[in-house]
Amino acid sequence: MKISIACVGKIKEKFYRDAVSEYEKRLSRYCKLEFIEVTDEKTPEGAGAALEEQIREKEGRRLLEKIREDAFVCTLEIEGKRLTSEGFADWMEELTIRGKSHIVFVIGGSLGLHESVCRRADISLSFSDMTFPHQLMRVILVEQIYRAFRIIQGAPYHK
């Protein structure tokens with residue numbers, strides 16, 4: 001299985017990069033993992049709703065250009081479907097059984113995702129009602145993907 005994580009911006013803090021790198025190593029035995037990073041737009045202080053929408057649209061266009069037609073797309077959104085770790089593992093296993101060999105998880109920038117990206121999604125998931133920095137969300141996501149593979153394998157990691 002190939003898993004892509006499409007995200008806006010780069011990870012700036014070393015501790016986030018180190019955490020992602022650790023899970024990337026762990027995941028190498030279960031899947032091919034790639035990160036697709038697109039440039040984030042600077043949001044001026046006090047930007048109005050119209051400017052914020054333009055920024056989301058630009059970032060969204062960049063994301064959509066990088067997502068292949070045949071990929072199964074999962075956006076991460078506060079309003080998305082909630083799953084337990086076991087439910088997430090079941091969902092990933094079900095996708096594999098249904099022949100989905102490429103999953104793209106999409107993490108938006110600081111302003112969230114443009115509606116065009118949300119429309120492209122096959123599913124949207126929520127990890128919490130809380131808002132997380134998009135850099136931290138990458139760490140949370142790769143950890144949960146790793147946990148899902150361990151659950152599928154029946155390994156004790158997730159307990």
How far does CE of M92 sit from CD1 of I145, to the nearest 0.5 angstrom?
5.5 Å
Residues clustered with I97, ILVMFWY side-chain links under 4.5 angstrom:
none
Under 4.5 Å between side-chain heavy atoms, counting indirect links through other Ile/Leu/Val/Met/Phe/Trp/Tyr residues: same cluster for M1 and I123 or not?
yes
Rounded to the nearest 0.5 angstrom, the SG-CG distance for C74 and L141 is 8.0 Å
Between Q144 and S85, does a side chain to side chain donor-acceptor pair (under 3.5 Å) hold up when you go through it step by step?
CA-CA 7 Å; Q144 285 298 302; S85 293; 2.8 Å; yes
Through direct or indirect side-chain contacts below 4.5 angstrom among Ile, Leu, Val, Met, Phe, Trp and Tyr, which residues connect to I36?
none
Least distance between heavy atoms, E52 atom then A47 atom
OE2-O, 3.7 Å
Q135: what forms a side-chain contact (heavy atoms from CB on, under 4.5 Å) with it, not counting sequence neighbours?
I11, K12, E13, Y16
Would you check if E37 and R138 make a side-chain contact, meaning some heavy-atom pair closer than 4.5 Å?
yes
Any chance you could measure D90, atom CG, to T84, atom OG1, to the nearest 0.5 Å?
7.5 Å
Test side chain to side chain contact (heavy atoms under 4.5 Å, CB included) on F35 and E24 and set out the steps.
CA-CA 10 Å; F35 287 89; E24 207 169 358; 4.0 Å; yes
Other than V38, what residues sit in its cluster of Ile, Leu, Val, Met, Phe, Trp and Tyr side chains whose heavy atoms are under 4.5 Å apart, directly or through others?
V8, L63, L64, I67, V73, V104, V106, L113, V117
Considering all heavy atoms, the nearest H114-S116 contact
ND1-OG, 2.8 Å
Contacts of type ring-ring contact (aromatic ring centres under 6.0 Å, His included), residue F127, not counting sequence neighbours
none
Quick one: salt bridge (charged side-chain N to carboxylate O under 4.0 Å, His left out) pairs with a partner in residues 101-124, sequence neighbours left out?
E115-R119, R120-D122
So does K2 have more than 12 non-hydrogen atoms from other groups sitting under 6.0 Å from NZ?
yes
Closest non-hydrogen atoms of I103 and L95, given as atom of the first, atom of the second and distance, are CD1-CD1, 3.5 Å
For H102, the side chain to side chain donor-acceptor pair (under 3.5 Å) test, sequence neighbours excluded, returns S4
From L27 atom CG to E143 atom CD, the distance as rounded to the nearest 0.5 Å
9.5 Å
Do I55 and I107 sit in one hydrophobic cluster, given that two such residues count as connected whenever their side-chain heavy atoms are within less than 4.5 Å of each other, even indirectly?
no
How would you list all residue pairs meeting side chain to side chain donor-acceptor pair (under 3.5 Å) that involve residues 57-75, not counting sequence neighbours?
E41-R62, E57-R61, R68-D70, T75-E77
Should R82 and D129 be marked as a side chain to side chain contact (heavy atoms under 4.5 Å, CB included) after you check the CA-CA gap, both sets of side-chain angles, and the distance that decides it?
CA-CA 10 Å; R82 293 270 184 88; D129 284 339; 2.3 Å; yes
Does R150 reach the side chain of R147, with side-chain heavy atoms less than 4.5 Å apart?
no
Should the pair Y146 and Y23 be assigned to parallel (<30°), tilted (30 to 60°) or perpendicular (>60°) ring geometry?
tilted
Nearest atoms (heavy-atom pairs only) where I152 meets A89:
CD1-O, 3.5 Å
Under the ring-ring contact (aromatic ring centres under 6.0 Å, His included) definition, can you give me all pairs with a residue in residues 41-71, not counting sequence neighbours?
none
Qualifying salt bridge (charged side-chain N to carboxylate O under 4.0 Å, His left out) pairs, either residue in residues 95-114, two or more places apart:
none
Atom CD of E34 and atom CD1 of I5: how far apart are they, to the nearest 0.5 Å?
9.5 Å
Check side-chain contact (heavy atoms from CB on, under 4.5 Å) between S128 and all other residues, then give those that pass, not counting sequence neighbours.
M130, F132
Can I78 be reached from F105 by stepping across I, L, V, M, F, W or Y side chains whose heavy atoms are under 4.5 Å apart?
no
Suppose we screen for ring-ring contact (aromatic ring centres under 6.0 Å, His included). Which residues come up paired with Y30, at least two apart in sequence or across chains?
F149
